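Sharing a structure with you now.
From a predicted model like this one, the values you see are computed outputs, not experimental measurements.
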Amino acid sequence: PETNEDVIKHDLFPANYIKALDPPDNYVGASRIFSEGGNLRDVMVRVIDDYKDILPLRHKKDHEISRLPESLQEAIRVYFLVRALRVFAGKGTEHSTMMINVSRFNDTQNRIMELVYAYAEQLKDAIRLNGGLGQEGYLNRDFSRLRETFEREYGECETTFEDLRRVLHDACRLIEVRTINMRGGVLDYEAHKVTGLHVIAIGGLALSRGLTLGGLCVSYILRNTAASDTLMQMARWFGYRPGYEKLCRLYLPQDSLDHYEYIESAIEELRDEVKLMQIRNETPEQFGLKVRNSETGIAITAANKMRSAEKRQISLDISGHHVEGFAIYLDPTKQSANELAL
């Protein structure tokens, strides 16, 4: 911008051109996880609600936490199992990471780290002492729950839990627990090329943007945010997951899932807008791009980026379009809701 007036007029979108690149088939992005027809949605997403009394979304930095939610313990067990499945598949030297992003406060993160470390060591002891005991090993509660988690999450795999017993100890003994925040902690994947880095990373802002988590397979997130673009930056689970995309799990509250569903649909609408703009051979300044406002209450972006934006009410015209209904829900609640909407 040449003048202050140009700065004020500057738009969220560039004036001259935007190119929309379609993601490759092997990319795990928002549409595969959050769209209604996404092929990873049912496989990957786990909605949680048992955290509210233990660690509410809004809490102060001195909030006391004495135990982990059961869903977080479950997520840790899943990470141990994914690590074992990767070892069993001959991929044990590739990096693997679990992300826990539940608070922006360093003190809370450190307390979570202590509890996660204690539970991880408890699981390692259970595996070491009971993994070779046959059926008697299942008398141990932690080892038995590990099998229950496997049957619930990966029971349809060709690999059985009995197969994994042979590799569980070697697979899980290398797992570390670290905090990654402004006080310190780094994830040096380059320094662990031979064995791979296998870490449960606990953090807040440092995990929310700009940091690549190698081999991220389990994500547990309890964060609220005011804007769509910030929430998308927190979604570190987007990326390439060759050979293990169906092993990955994402644990998050229903409200967060609702936000991500909205953002995914809004982004796809924006991509369609860009394609229409290109067909018309117009610039963004000539065309005037729009982003749908959310019914969930989350903003599109920060207010200072929206200075030149205008609110518009748009009517959708589908006349002349062939819109085909290709699926009928068996769920009577959904059917009734659709009939009422019609």
Does the pair Asp53/Arg67 count as a salt bridge with the N-to-O cut at 4.0 Å?
-> no

Is there side-chain contact between Asn140 and Leu129, with at least one heavy-atom pair below 4.5 Å?
-> no

Partner set under ring pair (Phe, Tyr, Trp, His ring centres under 6.0 Å) for Tyr189, not counting sequence neighbours = His95

hydrophobic_cluster_shared for Ile180 and Val116, side chain cutoff 4.5 Å | no

Pair Arg312 + Glu310: basic N to acidic O under 4.0 Å = yes

Under 6.0 Å from the CZ atom of Arg104, do we count more than 12 heavy atoms belonging to anything else shown?
-> no

Steps toward side chain to side chain contact (heavy atoms under 4.5 Å, CB included) verdict (Gln278, Lys19) | CA-CA 8 Å; Gln278 290 172 339; Lys19 299 294 183 185; 3.8 Å; yes

Would you confirm whether His63, through its side chain, and Lys61, through its main-chain N or O, come within 3.5 Å as a donor-acceptor pair?
-> no

Counting only heavy atoms not in Glu156, do more than 12 sit closer than 6.0 Å to its CD atom?
-> no

Min side-chain heavy-atom separation Glu264-Met232 under 4.5 Å | no

For a salt bridge (charged side-chain N to carboxylate O under 4.0 Å, His left out) with Glu153, tell me which candidate from Lys246, Arg147, Arg249, Arg77 qualifies.
-> Arg249

Take atom NZ in Lys91; do more than 12 heavy atoms of anything else shown fall under 6.0 Å from it?
-> no

Hey, mind stepping through Leu197 and Arg178 against side chain to side chain contact (heavy atoms under 4.5 Å, CB included) and telling me if it holds?
-> CA-CA 12 Å; Leu197 181 60; Arg178 299 185 188 178; 3.8 Å; yes

Taking only residues two or more places apart in sequence, or in another chain, which ones meet Tyr138 in a ring pair (Phe, Tyr, Trp, His ring centres under 6.0 Å)?
-> Phe143

Does the side chain of Ile267 reach to within under 4.5 Å of the side chain of Val291, using non-hydrogen atoms?
-> no

Before accepting this row, confirm whether a basic side-chain N of the pair Asp125/Arg128 lies closer than 4.0 Å to the acidic partner's carboxylate O.
-> yes

Does Ile314 CD1 have over 12 foreign heavy atoms under 6.0 Å away?
-> yes

One should read off an interatomic distance between Leu222 CG and Leu72 CG, to the nearest 0.5 angstrom, of 8.0 Å

Does the side chain of Asn16 come under 3.5 Å of the side chain of Thr283 through a donor N or O and an acceptor N or O?
-> no

Crowding at CD1, Ile328 (>12 non-hydrogen neighbours, <6.0 Å) | no

For residues Leu247 and Cys217, determine if any side-chain heavy atom of one lies less than 4.5 Å from a side-chain heavy atom of the other.
-> no

Considering all heavy atoms, the nearest Lys124-Arg173 contact | NZ-O, 3.8 Å

Residues passing the side chain to side chain donor-acceptor pair (under 3.5 Å) test with Asn106, sequence neighbours excluded, are none

One should read off an interatomic distance between Asn130 CG and Asp142 CG, to the nearest 0.5 angstrom, of 9.0 Å

Go through the steps for Tyr79 and His198 under the test side chain to side chain contact (heavy atoms under 4.5 Å, CB included), then give the verdict.
-> CA-CA 10 Å; Tyr79 175 62; His198 313 290; 3.8 Å; yes

Contacts satisfying ring-ring contact (aromatic ring centres under 6.0 Å, His included) that involve residues 102-128 (not counting sequence neighbours) are His59-Phe105

With a cut-off of 6.0 Å (strictly less than), are more than 12 heavy atoms of other residues, nucleotides or ligands near OH of Tyr17?
-> no

Take Arg83 and Glu94, measure what salt bridge (Lys or Arg N to Asp or Glu O under 4.0 Å) needs, and give me the verdict at the end.
-> CA-CA 10 Å; Arg83 172 80 186 117; Glu94 295 184 7; over 6 Å; no

Could you walk me through whether Glu261 and Arg41 pass the salt bridge (Lys or Arg N to Asp or Glu O under 4.0 Å) check?
-> CA-CA 11 Å; Glu261 286 178 345; Arg41 181 186 173 104; 2.3 Å; yes

Above 12 or not: heavy atoms from other molecules or residues under 6.0 Å from CD of Glu114?
-> yes

Taking NZ, NE, NH1 and NH2 as the nitrogens, is one of them in Asp49 or Lys52 under 4.0 Å from a carboxylate oxygen of the other?
-> no

Sorted by chain and residue number, the ring pair (Phe, Tyr, Trp, His ring centres under 6.0 Å) partners of Tyr244 (sequence neighbours excluded) come out as none

Between Asp50 and Ser71, is there a donor-acceptor pair closer than 3.5 Å when you use the side chain of the first and the backbone of the second?
-> yes

Check whether more than 12 heavy atoms from other residues, nucleotides or ligands sit under 6.0 Å from atom CD of Glu136, and answer yes or no.
-> no

Between atom CZ of Phe161 and atom OG1 of Thr149, what is the distance when rounded to the nearest 0.5 Å?
-> 9.0 Å

Tell me, do Val218 and Leu250 make a side-chain contact under 4.5 Å, heavy atoms counted?
-> no

Salt bridge Arg46-Glu74, side-chain N to carboxylate O under 4.0 Å | no

Are Met113 and Ile76 linked, directly or through other ILVMFWY residues, by side chains that come within less than 4.5 angstrom of each other?
-> yes

Are Thr159 and Tyr154 close enough that some pair of their side-chain heavy atoms sits under 4.5 Å apart?
-> no

Asp331 and Gln335 side chains, donor-acceptor separation under 3.5 Å = no

Which of these passes side chain to side chain contact (heavy atoms under 4.5 Å, CB included) with Val199: Leu174, Val177, Thr97, Ile175?
-> Thr97

Rounded to the nearest 0.5 Å, the CG atom of Leu257 sits from the CD1 atom of Ile221 at a distance of 12.0 Å

Residues forming a ring pair (Phe, Tyr, Trp, His ring centres under 6.0 Å) with Tyr260, sequence neighbours excluded | Phe34, Trp237

Are side-chain heavy atoms of Pro69 and Tyr220 found at a separation under 4.5 Å?
-> yes

Side chains of Thr93 and Val194: does their closest heavy-atom pair fall under 4.5 Å?
-> no

Identify the heavy atoms of Val43 and Asn39 that sit nearest to each other, and give their distance.
-> CG2-O, 4.1 Å

Enter the distance from Thr179:OG1 to Ile200:CD1 here, rounded to the nearest 0.5 Å.
-> 12.5 Å

Can you tell me how far CD1 of Ile202 sits from CE of Met98, rounded to the nearest 0.5 angstrom?
-> 8.0 Å

Between Glu268 and Ile263, is a side chain to side chain contact (heavy atoms under 4.5 Å, CB included) present by the stated rule, with each step listed?
-> CA-CA 9 Å; Glu268 290 306 306; Ile263 297 168; over 6 Å; no

